[in-house]
Every structure is written in C-alpha cells, then in structure tokens.
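Structure, as structure tokens:
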Amino acid sequence: MTKAFVIGHPIGHSKSPLIHRYWLEKYSISGSYAALDVTPEALPRFVGRIRDGEFAGGNVTIPHKELVIGHLDDIEPLAQKIGAVNTIVARNGKLLGRNTDYLGFLANLDAGAPGWQDGLKTAIVLGAGGAARAVLAGLIDRGVPSIALLNRTPDRAQQLAREFGASVRPGALSDFDNIAPGAALLVNTSSVGLDGSRFEGLALNRLKSGAVVTDIVYAPLITPLLEEAQALRFQTVDGLGMLLHQAAPGFAAWFGVMPEVTAELRTAVLGATA
Ligand code: ATR
C-alpha cells in the first residue's frame, strides 16, 4: 500500500488529510495519507524514514517548509526560487522537493477566472511574506509584465523585489490608489482578511473595470476584500481553490492519478472549515 503524509508542528489544523483521503476513496486507491506531528528536532529522523522507503512522499507545512530543503536531494528550480518546499516526492531512492503552491495559485485562477491573463499588463500583489513568494513565482512564470508588490512594511517588498527581478516593483499600500487604474489583477497574499479583518483605505473602485480580485485567505471564504470587490462587480476568485489545486500534483506523483478538483470536494472541505 502506498503511503503519504503531511508533516507539521502543530498539525491538527491541516485540511490536507481530508483532501487526499477524499481522492483516495474516489479513485479506489489502496493508499493512506497521515497527518504527523513532527518537531523541528525530529525532522532529520523523519526524512530518514522517507529515505528508507516507508512513504512515496508527502506534504510539508509550517514550520518545516524552508528547513526541509537542506535534507533533500533535488529541489525544483521554482521551489528554490520560492525558498520553500511543500511537497516531497521519493523517486529512485532520491528525495525531490517541489513547491506546488504557485501551481495551485495559477490553476485556481485558470479555473475561476478563465482568460485572466489575456492582455494583463499590471498585477498588484498585497503582502510580502512567505505566501507572496509563491504568487510572485507563479505570475512571473506566466510572463506577467509588471507586478506591483505593495506591503505595509515597504522594506520587505523591496527585499523581495530584489530577489524576484525587474518585473516586480515594490511599494507601500498607499501606492495602491495610483497603480490600481492600470491593474487588471489584484491578489491578496497578506494575512489581512483572516477572521474577517480588512484593509483600511484601499480604494478598490479605482481598479480597471473587469479586474479580477483574488485572495489566498479562505477562512472566511468570502473575505471583506472579496465582498467589496463583488459589490463593485469585479470578478472574484476565493482562496479555497488554491488549497485544493496545490494538493493535486502531489497526489498525482505519489498515487499515479491526476485528481480532479470538483464542487463536491469544495463542499466537503468547506464543511470542515466552517
Ligand atoms: P506568510 O508567510 O503567511 O505570508 P508573514 O511572513 O507573517 O506570513 O506575512 C504576512 C503578511 O501580511 C506581511 O506582508 C504583513 O505585512 P508586514 O510585512 O508589514 O508585516 C501582512 N500583514 C499582516 N497584518 C497586516 C495588516 N494589519 N495590515 C497590512 N498588512 C498586514
């Protein structure tokens, strides 16, 4: 039986077991997916268990996403760029580190706002933490020409822009009003929105008409930002799809079936997040 895992510390909040077990059942695969609490001190020993062949691979979450890189054999270039691994695949005795968050972000936009990229010249990304790195990698991978990276602490945006290259233009949240009229995509990667918190003084109505607004926060599913964007008749894409889509490439690598992200899966996961 093929075994996979998600490791983190703590791990109780992870939705990954629900997603992967749903797919295992749906595709009648005799596999398992376990949530395991692994402390940073125990990480090397756990990686040893993967090397010994106990698992086909698994997911990695906080606090191991950066730390685990040093324990693996190969890191995919974009995972390297993002500086974090969320998926491990054991293959031919080697451990490969991948980052599927950027794929999940892109697949969610592709599904929720088809054509979002057509003619897109400027995107605005809010927040410059870990989650912003995957979003930047995704947007750059798709060739978005200009990305305004706006953060409460502009220094952090500047640092990230230096790492990600010339298409990323750093700024402060107060720059939003000036940049918004040329922007057809707005992505919130900050923790604003969690538990219903909101940005103060962001003039969303200045965005280009027809703009797409997406949030990586999915609890609540409709964040105050998305609510306001809907009221202004912009297209919106919620963050739950990113969580579901990032899981698919890992499942495919471990269990050999590319799973589908369906409305039924969304409902199952939503029921567990409520
Ligand atoms: P993660 O790794 O999950 O992205 P993080 O590194 O703590 O988490 O980043 C959180 C992001 O949310 C940061 O961009 C943070 O802005 P700062 O760099 O200024 O801290 C942003 N953020 C958190 N609370 C915020 C708030 N009340 N207003 C604006 N931005 C906020």
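Everything quoted here is computed from the prediction, not taken from an experiment. Order of appearance sets the numbers: ligands from 1, and atoms from 1 within every ligand.
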Members besides Val68 in its Ile/Leu/Val/Met/Phe/Trp/Tyr cluster (side-chain heavy atoms under 4.5 Å): Phe5, Ile7, Leu36, Val38, Leu43, Phe46, Val47, Ile50, Phe55, Val60, Leu67, Ile69, Leu72, Ile75, Val85, Ile88, Leu95
Atom pair CE (Met242) and OG1 (Thr100), whose distance is rounded to the nearest 0.5 Å: 8.5 Å
Do the charged groups of [X] and [Y] touch, with an N to O distance under 4.0 Å?
X      : Y      : value
Arg169 : Asp175 : no
Arg51  : Asp73  : yes
Arg133 : Glu163 : yes

Protein N/O near ligand 1 N/O, under 3.5 Å, which pairs?
residue, atom, partner, partner atom, Å
ligand 1, 2 (O), Gly130, N, 2.9
ligand 1, 4 (O), Gly130, N, 3.1
ligand 1, 4 (O), Ala131, N, 3.1
ligand 1, 6 (O), Arg156, NH2, 3.2
ligand 1, 12 (O), Ser191, N, 3.2
ligand 1, 14 (O), Ala128, N, 2.9
ligand 1, 14 (O), Asn151, OD1, 2.7
ligand 1, 16 (O), Asn151, OD1, 3.3
ligand 1, 18 (O), Asn151, ND2, 2.8
ligand 1, 18 (O), Arg156, NH1, 2.8
ligand 1, 19 (O), Arg152, NE, 3.1
ligand 1, 19 (O), Thr153, N, 3.0
ligand 1, 19 (O), Thr153, OG1, 2.5
ligand 1, 20 (O), Arg152, NH2, 2.9
ligand 1, 27 (N), Arg152, NH1, 3.4

Asp141 side chain reached by Lys81 side chain, heavy atoms, under 4.5 Å: no
